[in-house]
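When reading the values below, keep in mind they use all heavy atoms of this one structure, side chains included, and skip hydrogens, waters and symmetry mates.
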Amino acid sequence: MVITRRALKLSRSIIAWLPNEVLSSIIAYAANSELLSLCLTSRLMRKISTRFLYRVVHLNTEKTLELFVSVGRRPTFLPLLSHVRKFFVKQDLKLQFLMRHRKQALVTRITWVVMLMTNLKHLLLYLAEPIGFHKLLQEGFFPNLVTFRYIVQPETASAFMCFLNRHPTINNLTFASEQLMQFPSRADSIYLRVYEGPSWGLSLFEVSGLTSISLMWYPDDLDIDRHFERLGSHCHPHVKHLPTEVEILAGISRYIPHVKVLRFRSLVAKHVGLSMGQAIEIQRHLHGFSALSIIEFPAIDYNTEFRLDHDMQALKLWQGACKTIWAQHLFLCRD
């Protein structure tokens, strides 16, 4: 029996006796460029590294999107789709080139490729310019799906609810719409842990397991108490990214006094800061919280003039009103 130098060298390598599970744990920390290099070293390293190399598919430019669709036609690419765990398109990616040529063909091709990702766990289609992906909603099935992000349009509302009910494994949901909508049914089969979406969307789901909530309020959705009363009777949420309305803070203090984190945001481009009167009113509502640890509000606005002393005065008022607070943030929202 003849043993070549290469075989002898490999037999003494640490790779020869380390279990594949250990190698996988180590390789999981490698960057994509390092994974590509590992694929060139041996068949074993290529087999292990390939799983991590295709674990996340991120389309962040129009070029990468078109390349993805082009490569998706190749038979050699299809087996790699089983390794994908996360697929997302950059949120602010402008898909104007779809309007120029073969839009429907490209959307159909993307849908076809994504539907072959049978082990997908995170599907993020939260685009600045919403695309329906009707076929994906109607026929797609991912048995391990955990996270889903999507912008709902009136014509996709029914298919959206069917998709959710077909995936009871979803516990992290983000969705938005341009207007208050009526859905034909509820998604009773999913039990969310994380929800980010319209305030009126809470009525579509079971809320007893929610731990993190990010609500978007629409001008025509004025029934604040109805949403918080429903939440307060069930869950202990970590609430974030609420609009800057003192009335909403009052509703939280009444129905969810055990909330731990509050962050207020506004989607309005030009939004003025809080007045000192509002800061005092906030102080009054903060007395009702029992476990609040972090709050974040717009800075105090005095005709857009930066007044650090007034901001510090507000922070002291809030700290005195709720002793459990250990972090307060004021962000500037002036032009």
Side-chain angles (χ1 to χ4, degrees), residues 86 88-92 122-128 130 145-152 160-161 164 167 170-181 183 186-187 190-269 271 282 285 289 291-298 325 327-331 333:
K86 183 175 183 179
F88 66 106
V89 182
K90 188 177 180 181
Q91 181 175 340
D92 58 351
H122 310 280
L123 178 58
L124 285 66
L125 301 174
Y126 203 70
L127 306 176
L145 191 64
V146 174
T147 304
F148 184 50
R149 294 185 179 181
Y150 184 71
I151 295 183
V152 184
F160 172 70
M161 298 307 293
L164 295 180
H167 295 85
I170 294 177
N171 61 37
N172 186 332
L173 175 66
T174 298
F175 86 93
S177 66
E178 295 181 353
Q179 58 188 358
L180 196 153
M181 298 172 54
F183 288 84
R186 282 171 46 92
I190 64 173
Y191 293 88
L192 299 178
R193 302 284 292 172
V194 178
Y195 172 76
E196 181 174 348
S199 54
W200 47 263
L202 289 171
S203 62
L204 303 173
F205 314 103
E206 171 59 46
V207 300
S208 59
L210 284 173
T211 59
S212 178
I213 309 170
S214 175
L215 298 180
M216 292 176 282
W217 294 80
Y218 290 69
D220 50 356
D221 184 18
L222 303 178
D223 195 349
I224 296 172
D225 286 351
R226 177 168 59 91
H227 305 306
F228 287 126
E229 185 175 15
R230 185 166 182 265
L231 286 173
S233 61
H234 292 288
C235 64
H236 300 268
H238 163 109
V239 183
K240 61 179 182 178
H241 301 314
L242 293 173
T244 55
E245 296 293 341
V246 177
E247 293 82 3
I248 294 176
L249 178 66
I252 299 173
S253 65
R254 282 196 298 270
Y255 299 108
I256 324 177
H258 45 263
V259 69
K260 295 181 179 179
V261 179
L262 280 172
R263 292 190 177 99
F264 285 73
R265 286 287 187 266
S266 175
L267 299 179
V268 180
H271 179 73
I282 288 172
H285 295 310
F289 290 95
L292 187 61
S293 58
I294 299 175
I295 58 172
E296 183 174 311
F297 290 100
I325 294 176
Q328 301 181 83
H329 305 279
L330 290 176
F331 60 88
C333 53

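Ring-plane geometry between Phe175 and Phe160 is classed as tilted, the angle between the planes lying from 30 to 60 degrees on a 0 to 90 degree scale.
Counting heavy atoms from C-beta on, the side chains of Leu210 and Phe205 never come closer than 4.5 Å. Counting heavy atoms from C-beta on, the side chains of Ile282 and Ile295 never come closer than 4.5 Å. At least one side-chain heavy atom of Leu249 sits less than 4.5 Å from a side-chain heavy atom of Phe289. Between Leu215 and Leu202, the closest side-chain pair of non-hydrogen atoms falls below 4.5 Å.
When Asn172, Ile170, Ile190, Asn171 are each tested for a side-chain contact (heavy atoms from CB on, under 4.5 Å) with Phe148, only one passes: Ile170.
Taken to the nearest 0.5 Å, the CD atom of Glu196 stands 11.5 Å off from the CD1 atom of Ile213. Atom OG of residue Ser212 and atom OH of residue Tyr195 lie 12.5 Å apart, to the nearest 0.5 angstrom. Atom NE2 of His285 and atom CG of Leu262 lie 12.5 Å apart (nearest 0.5 Å).
Among all heavy-atom pairs drawn from Arg186 and Met161, the shortest one is C-CE, 3.6 Å. Annotation for His122 and Leu145: closest pair N-CD1, 4.0 Å, computed over non-hydrogen atoms. The heavy-atom pair separating Met216 from Ala176 by the smallest distance is CE-CB, 3.9 Å.
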Practice task
For the pair Leu173 and Leu164, evaluate side chain to side chain contact (heavy atoms under 4.5 Å, CB included) and give the outcome as yes or no after the intermediate values.
Solution key: CA-CA 9 Å; Leu173 175 66; Leu164 295 180; 4.0 Å; yes
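With hydrogens and angles ignored, the 3.5 Å screen pairs a side-chain donor or acceptor of Ser293 with a backbone N or O of Lys260.
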